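All values below were derived from every heavy atom in this structure, side-chain atoms included, with hydrogens, water molecules and symmetry-related copies excluded. Here is how names work: the chains are called A, B, and so on, in the same order as the sequence lines, proteins then strands, and each is numbered from 1. Just so we're clear, the structure is a prediction, and the values are computed from it rather than from any experiment.
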Protein chains: 2
Amino acid sequence: MNEQTSRRRATVHDVARAAGVSLATVDRVLNGRPGVRAATAEKVEQAIQSLGFSRDLNASLMARSRDLKVVFFIPDGSNEFMDSLAEAVARRQSQALADRMHLATRRIRALDAGTLAAGLDGLDPKACDCAVIVTSEEPEILEAVDNATRRGIAVMTLVSDLPGSARKHFIGIDNGAAGRTAASLLGRFLPQGGKIAVIAGSLHLRDHLDRLAGFRDVLAQDFPDLDIIGPFEGHDAPAETQALVAKLLAEHRDLGGIYNLGAGNAGLVAALEEAQRCQPLRVIAHELTAPTRAGLMAGSIDVVLDQNPDGEIREAIAAARAFALGTGRSLAADPIEIGIFLRDNLR
Amino acid sequence: MNEQTSRRRATVHDVARAAGVSLATVDRVLNGRPGVRAATAEKVEQAIQSLGFSRDLNASLMARSRDLKVVFFIPDGSNEFMDSLAEAVARRQSQALADRMHLATRRIRALDAGTLAAGLDGLDPKACDCAVIVTSEEPEILEAVDNATRRGIAVMTLVSDLPGSARKHFIGIDNGAAGRTAASLLGRFLPQGGKIAVIAGSLHLRDHLDRLAGFRDVLAQDFPDLDIIGPFEGHDAPAETQALVAKLLAEHRDLGGIYNLGAGNAGLVAALEEAQRCQPLRVIAHELTAPTRAGLMAGSIDVVLDQNPDGEIREAIAAARAFALGTGRSLAADPIEIGIFLRDNLR
DNA sequence: TAGGTCATGAGGCACGTACCTCAAACTTGA
DNA sequence: TCAAGTTTGAGGTACGTGCCTCATGACCTA
């Protein structure tokens with residue numbers, strides 16, 4: 001029976017009293033308004049520290065009669081995973097609204113760095129507190145991120161990080177761990193050894209390379225009887241991936257497994273269904289979307305590794321609130337958990 | 001670029017205007033105070049519906065200068081998983097406080113229905129909005145839950161449900177799916193067929209039975225070459241489990257896998273480390289705790305299925321807020337995702 | 001018809017913060 | 001030393017809700 005002793009949270013009044021200044025001065029310090037001597041500001045900061053004061057975000061938003069605005073820039077195109085990210089944002093809307101947050105989604109043509117950069121540049125700090133972007137590494141975007149940060153907008157990267165930029169936070173899975181997990185599972189699935197084909201979207205994408213590296217590491221270390229064929233590039237395109245898989249299956253009748261670490265899973269499933277093999281083939285793919293879900297149900301895919309879009313959006317929202325509080329610096333950059341799905345635990 | 005049109009949330013003022021009554025009357029209806037004719041209350045309800053009004057929980061808590069109080073009753077004893085639930089509550093404290101919530105934890109001697117029932121009976125509705133309990137099915141507790149509900153405390157069950165009671169919500173994994181997943185993985189791990197030993201804590205526990213049933217289903221349907229030895233009861237006790245596993249390993253030199261669907265994993269790991277087998281043994285256990293983590297790292301355990309205590313506590317808190325809003329009825333009782341951990345994706 | 005009960009309205013204060021105005025106190029430079 | 005500027009204090013209003021008091025009017029019953 002160890003109840004916590006509940007001490008009232010410190011308020012701006014407490015801070016003012018502790019610092020020996022007026023409410024107005026505390027307010028000026030808290031909200032970065034001018035007209036406070038450095039020495040006075042220091043007294044206030046000290047009082048804030050010693051009281052452990054943290055602005056009451058909800059009272060603050062209420063007083064401004066204003067929602068906390070977060071804009072998600074999500075690639076548009078044929079990638080189902082990106083759609084599910086956007087859907088996850090939509091699913092959060094009502095709950096976010098109850099917490100005085102407003103989520104907006106902007107779909108950007110995939111890999112269109114110019115439009116994304118322009119979008120970031122066009123954000124008004126008064127109408128947007130936080131931007132969440134999914135992007136590849138482009139100098140143009142790096143600059144736009146730094147500019148937005150300078151204007152007072154907290155920028156966070158989602159799925160794929162933008163190291164070297166002023167982004168406040170990265171939300172995504174550990175892709176190396178995902179690759180290692182795939183190898184670890186396939187290794188156990190094929191105790192007799194054999195050949196595994198590896199398909200990537202592109203060998204220029206950071207997340208795909210990370211997965212590949214993790215996959216290779218574990219295979220080399222723990223399962224030396226397994227050989228990798230590839231990696232091949234399917235460019236995340238269903239048609240191209242389908243042709244690739246069909247050719248692989250025809251040329252390697254003894255193939256033991258396939259690891260598709262990119263997208264284009266509709267093509268993967270189509271090729272597998274067509275190929276009517278007699279001996280079992282163990283297949284691992286990424287992202288729980290309509291095609292992979294169908295593949296799991298039909299038995300053509302054994303395991304799907306998932307980024308958990310809902311979890312990622314939830315983290316992004318939590319981080320946005322943390323930055324609005326000003327406590328963002330203490331945010332741990334711990335990666336999202338990798339979802340592992342079989343036919344038997346589909347959500 | 002599809003921004004959402006942001007319409008201001010409806011307030012009590014809007015409701016009053018729409019219903020053609022005063023603020024005081026809306027207040028009386030919203031907070032269940034007496035002195036409103038049924039016909040008038042109906043008008044107010046209609047206005048609430050048509051405006052989609054939902055009380056601003058934070059303003060409400062602020063006005064009452066009161067936190068939303070949630071009490072977690074968590075079993076005490078040797079069970080590491082229960083400890084990690086308590087730790088998950090502790091981890092949420094600071095964030096919850098920022099959202100005007102106060103979390104208290106009470107550790108109850110495991111399976112001590114009397115103390116739990118007394119704890120529920122002793123809750124003051126003014127000091128506690130929501131109780132979250134981990135319990136087995138006992139009539140005594142069922143009655144205490146119904147009583148607490150009658151006094152205005154929302155009760156939620158965690159990990160194991162209490163069907164037939166007035167509990168508002170259940171938070172936990174789908175144990176049938178967990179058992180099916182274990183079978184599906186072991187089936188793929190042992191393509192040659194063989195024998196799998198199954199160990200439960202007790203065959204009187206609902207969650208253990210559910211796991212066992214799921215496991216049996218998938219094995220029978222998809223992997224007929226695998227035979228189950230057991231189930232044996234380890235009573236979630238490390239020493240007993242260790243003896244059991246040691247005996248199993250000695251008597252079945254050709255054992256292909258072990259599924260421990262209960263606790264007592266320290267004993268499982270100890271027995272496995274002692275046994276120095278030559279041929280690989282595939283082992284699946286439940287709950288990511290210190291012993292199972294050690295087993296994964298050492299290679300004695302292949303896969304751990306996890307309830308994800310942090311996720312469960314998060315859900316419990318979200319549900320408590322939903323009930324405080326009065327929107328609890330629309331809460332979907334969708335189960336928490338099952339965490340699947342290999343050495344390669346340990347968090 | 002008087003006295004009573006009940007339903008409702010009007011309005012105020014509180015919660016913690018933001019943002020505004022006005023006046024007073026202080027500092028600085030010539 | 002005085003004028004101009006800067007810094008600070010005091011206090012108000014607002015946000016959306018809860019909770020309280022008081023007044024008014026409607027209705028019922030003796």
Is it true that, when you exclude A:E143 itself, more than 12 heavy atoms of the residues, nucleotides or ligands shown sit nearer than 6.0 Å to its CD?
no

Which pairs count as salt bridge (Lys or Arg N to Asp or Glu O under 4.0 Å) when at least one residue sits in residues 11-22 of chain A, sequence neighbours excluded?
A:R8-A:D14, A:D14-A:R17

Nearest heavy-atom pair of A:M82 and A:I74: which atoms, and what distance?
O-CG2, 3.5 Å

Contact residues, residues 30-41 of chain B to DNA chain C [heavy atom, < 4.0 Å]
B:G35, B:V36, B:R37, B:T40

Run A:I336 and A:I171 through side chain to side chain contact (heavy atoms under 4.5 Å, CB included) and show every step you take.
CA-CA 7 Å; A:I336 297 283; A:I171 300 135; 3.9 Å; yes

Sequence neighbours excluded, which residues qualify as salt bridge (charged side-chain N to carboxylate O under 4.0 Å, His left out) partners of A:D310?
A:R91

Over all heavy atoms of both residues, which pair between A:D67 and A:L97 is shortest? Give the atoms and the distance, please.
OD2-CD1, 4.0 Å

Between which nucleotides of DNA chain C, 5' to 3', does chain B make heavy-atom contacts below 4.0 Å?
C:dA7 to C:dG16

Counterpart residues, salt bridge (charged side-chain N to carboxylate O under 4.0 Å, His left out), relative to B:E87 (two or more places apart):
none

Enter the distance from A:E315:CD to A:E337:CD here, rounded to the nearest 0.5 Å.
10.0 Å

Five-pair end axes of the helix from C:dT1-D:dA30 to C:dA30-D:dT1 and the angle they enclose, rounded to 10°
40°

Shortest non-hydrogen contact from A:T11 to A:F53?
C-CE1, 3.5 Å

Got a sec? Which of residues 45-53 of chain A come in under 4.0 Å of DNA chain C, heavy atoms?
A:F53

Hey, can you pull the residues of residues 57-65 of chain A with a non-hydrogen atom under 4.0 angstrom from DNA chain D?
A:M62, A:A63, A:S65

Set of residues satisfying side chain to side chain contact (heavy atoms under 4.5 Å, CB included) with respect to B:A41, sequence neighbours excluded:
B:V29, B:V36

Can you tell me how far apart CZ (B:R64) and CG (B:N31) are? Round to the nearest 0.5 Å.
7.0 Å

Please classify the nucleic acid contact of A:D27 as base, sugar-phosphate, or nothing, using heavy-atom distances under 4.0 Å.
base

Residue among B:R107, B:R106, B:R109 satisfying salt bridge (charged side-chain N to carboxylate O under 4.0 Å, His left out) with B:D76
B:R107

Heavy-atom closest contact (A:A16 atom, A:L23 atom, distance)
CB-N, 4.0 Å

A:D129 bridged to A:R66 by N-O distance under 4.0 Å
yes

Identify every side-chain donor-acceptor pair in residues 145-163 of chain A under 3.5 Å, counting partners at least two apart or on other chains, and give the distances.
| residue | atom | partner | partner atom | Å |
| --- | --- | --- | --- | --- |
| A:D146 | OD1 | A:A166 | N | 2.9 |
| A:N147 | OD1 | A:R150 | NH1 | 2.8 |
| A:T149 | OG1 | A:V145 | O | 2.8 |
| A:R151 | NH2 | A:L120 | O | 2.8 |
| A:R151 | NH2 | A:D121 | O | 3.4 |
| A:R151 | NH2 | A:L123 | O | 3.0 |
| A:T157 | OG1 | A:D161 | OD1 | 2.8 |
| A:T157 | OG1 | A:H169 | O | 3.4 |
| A:D161 | OD1 | A:R167 | NE | 2.7 |
| A:D161 | OD2 | A:R167 | NE | 3.4 |
| A:D161 | OD2 | A:R167 | NH2 | 3.2 |

Could you pick out which residue, A:A24 or A:T11, lies toward the 5' side of DNA chain C when each is mapped onto its nearest nucleotide?
A:T11

Under the salt bridge (Lys or Arg N to Asp or Glu O under 4.0 Å) rule, what pairs show up with a residue in residues 34-60 of chain B, not counting sequence neighbours?
A:R100-B:D56

Could you walk me through whether A:M62 and B:M62 pass side chain to side chain contact (heavy atoms under 4.5 Å, CB included), step by step?
CA-CA 11 Å; A:M62 190 169 88; B:M62 190 169 86; 3.0 Å; yes

What nucleic acid atoms does A:R28 come within less than 4.0 Å of, heavy atoms only: base, sugar-phosphate, or nothing?
base

Identify the 5'-most and 3'-most nucleotides of DNA chain D with at least one atom closer than 4.0 Å to a non-hydrogen atom of chain A.
D:dT7 to D:dG16

To check you understand the geometry: which heavy-atom pair defines the closest contact between B:L68 and B:A320, and what is its length?
CD2-O, 4.1 Å

